[in-house]
Protein chains: 2
Amino acid sequence: MKQYTNIELKAELENAGIRGTAQRIAILGFMRENPVHPTAEVVFEALRDKVGSLSLTTVYNTLKLFVEHGLVSMLTIDDTFRCFDGNVEMHAHLMCRNCKKIIDMPMPREVATFLEEIEDFDADEVQLYVKGICKECKIK
Amino acid sequence: MKQYTNIELKAELENAGIRGTAQRIAILGFMRENPVHPTAEVVFEALRDKVGSLSLTTVYNTLKLFVEHGLVSMLTIDDTFRCFDGNVEMHAHLMCRNCKKIIDMPMPREVATFLEEIEDFDADEVQLYVKGICKECKIK
DNA sequence: CACAGTATTTAAAATCATTTTAAATTTGCA
DNA sequence: TGCAAATTTAAAATGATTTTAAATACTGTG
């Protein structure tokens with residue numbers, strides 16, 4: 001898991017056209033270094049003691065800002081929670097209906113072709129969501 | 001657009017293992033006959049004057065019940081509204097970011113193969129969502 | 001066909017994740 | 001350093017959805 005310096009994170013924020021504040025650096029760092037799919041609440045709990053000052057409101061607003069600037073993506077795989085992904089490369093997601101764990105998968109190649117063939121529509125995002133029961137939950 | 005009789009709709013509900021009440025028949029009929037992707041609110045507004053008695057609560061609870069019984073599917077393409085699809089055949093969806101219109105598309109064939117090849121996961125649902133700008137909104 | 005028990009529907013209240021507001025704080029720049 | 005603009009914050013508001021509890025409507029049985 002690659003580690004990022006504050007300098008690198010700040011540069012990434014500024015390249016995206018937004019200021020690199022302490023809160024934003026911490027949130028972006030968390031999203032980049034943890035290959036999980038956290039909700040705003042989870043990000044807040046993970047960082048509240050590590051950042052001088054941080055509020056849940058800031059986490060909500062910052063993640064929304066990051067999505068608008070293409071720094072992270074938002075997953076709508078489950079209607080009961082909104083989560084985010086620090087990996088903005090195109091890939092698929094599996095979600096276990098039981099434990100709610102989200103697993104990354106490569107996107108089937110044909111999906112890229114499919115996107116190119118769509119007419120009369122300027123696509124800018126694609127999400128492939130698969131739901132079911134994971135191995136661990138099945139055993140139980 | 002195929003029309004369904006109340007007899008047919010009632011039979012479909014009972015085959016699914018639930019009672020065929022007036023409200024459920026009306027809601028299932030609406031979902032089957034209209035190739036749209038309505039929210040609970042939209043279904044309620046469309047039916048409130050056509051069904052003797054109908055409440056928004058019933059529409060919410062009934063659509064949830066239908067999803068549990070596989071009669072309709074729920075789309076989570078947009079985190080600001082939850083909508084439903086009376087067509088439970090596997091297919092993809094495009095959504096216009098501007099007008100929020102949702103368009104059906106055939107699912108790329110390779111996605112079915114992809115599902116079969118997933119290991120250690122019992123998949124029971126797949127959704128492919130594409131977001132962008134539709135032709136009409138692009139012109140403006 | 002009436003009755004009893006169960007399922008369904010309803011209006012009203014509650015919930016809860018997210019957004020907005022407005023004030024306080026921090027930042028970048030002159 | 002000091003000022004204007006941006007950001008963060010706590011608190012309040014929002015609004016879609018769910019829960020509650022009472023009323024209503026079914027279904028099967030005698």
Side-chain angles (χ1 to χ4, degrees), chain A residues 6-7 9-11 13-30 37-69 71-72 74-84 100, chain B residues 6-7 9-30 37-45 47-69 71-72 74-84 100:
Chain A
N6 284 1
I7 308 287
L9 295 165
K10 191 166 192 204
L13 289 163
E14 289 170 355
N15 284 341
I18 59 178
R19 279 196 190 164
T21 65
Q23 290 87 348
R24 289 174 183 173
I25 288 170
I27 295 169
L28 185 61
F30 182 85
H37 303 87
T39 60
E41 182 75 39
V42 166
V43 174
F44 174 65
E45 290 303 331
L47 297 177
R48 61 187 310 176
D49 297 328
K50 294 182 185 165
V51 182
S53 169
L54 184 67
S55 74
L56 180 55
T57 301
T58 297
V59 177
Y60 271 106
N61 294 338
T62 301
L63 287 170
K64 185 185 227 181
L65 184 78
F66 285 2
V67 170
E68 288 163 5
H69 288 80
L71 293 168
V72 306
M74 184 196 294
L75 305 188
T76 61
I77 195 168
D78 190 293
D79 64 315
T80 66
F81 60 88
R82 180 190 301 176
C83 63
F84 298 86
K100 308 297 178 189
Chain B
N6 284 1
I7 307 287
L9 294 165
K10 191 167 192 207
E12 188 175 356
L13 288 163
E14 289 170 354
N15 285 340
I18 59 177
R19 281 196 189 163
T21 65
Q23 290 85 349
R24 289 175 184 172
I25 288 169
I27 296 169
L28 186 61
F30 182 85
H37 303 87
T39 60
E41 182 76 38
V42 167
V43 174
F44 174 66
E45 290 303 331
L47 297 177
R48 62 187 309 175
D49 297 327
K50 294 182 183 161
V51 181
S53 169
L54 184 67
S55 73
L56 180 55
T57 301
T58 296
V59 177
Y60 270 107
N61 295 337
T62 300
L63 287 170
K64 186 185 226 181
L65 184 79
F66 285 2
V67 170
E68 287 162 5
H69 288 81
L71 293 167
V72 307
M74 183 196 292
L75 304 188
T76 61
I77 195 168
D78 190 293
D79 65 315
T80 65
F81 60 85
R82 182 190 300 177
C83 63
F84 297 87
K100 306 298 175 187

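Quick note on labels: first sequence line is chain A, next is B, and so on, each numbered from 1.
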Counting just side-chain N and O atoms, does [X] come under 4.0 Å of either OP1 or OP2 of [N]?
X: B:Q23; N: D:dA25; value: no
X: A:K64; N: C:dT19; value: yes
X: B:T21; N: C:dT9; value: yes

Interatomic distance where [atom1] belongs to [X] and [atom2] belongs to [N] [whole Å]:
X: A:L63; N: D:dT8; atom1: CG; atom2: C1'; value: 15 Å
X: B:E68; N: D:dT18; atom1: CD; atom2: P; value: 10 Å
X: A:L54; N: C:dT26; atom1: CG; atom2: P; value: 14 Å

Go through [options] for me and flag the one nearest to the [X] side chain.
X: A:R82; options: C:dT18, C:dT8, D:dT9; answer: C:dT18
X: B:Y60; options: C:dT18, D:dA10, D:dT17; answer: D:dT17
X: B:T57; options: C:dT20, D:dT19, D:dT17; answer: D:dT19
X: A:R19; options: D:dT9, C:dT18, C:dG28; answer: C:dG28

Any side-chain heavy-atom pair from B:T62 and B:Q23 closer than 4.5 angstrom? no
Between B:K50 and B:F30, is any pair of side-chain heavy atoms under 4.5 Å apart? no
Scan [X] against the nucleic acid and name what it touches under 4.0 Å (heavy atoms): base, sugar-phosphate only, or nothing.
X: A:L56; answer: nothing
X: B:S53; answer: sugar-phosphate
X: A:T58; answer: base

Would you confirm whether A:T58, through its side chain, and A:L54, through its main-chain N or O, come within 3.5 Å as a donor-acceptor pair? no
Check for a donor-acceptor pair, side chain of B:T76 on one end and backbone N or O of A:T76 on the other, with a separation under 3.5 Å. yes
Both A:A22 and B:T39 contact DNA chain D. Which one's nearest nucleotide lies toward the 5' end? A:A22
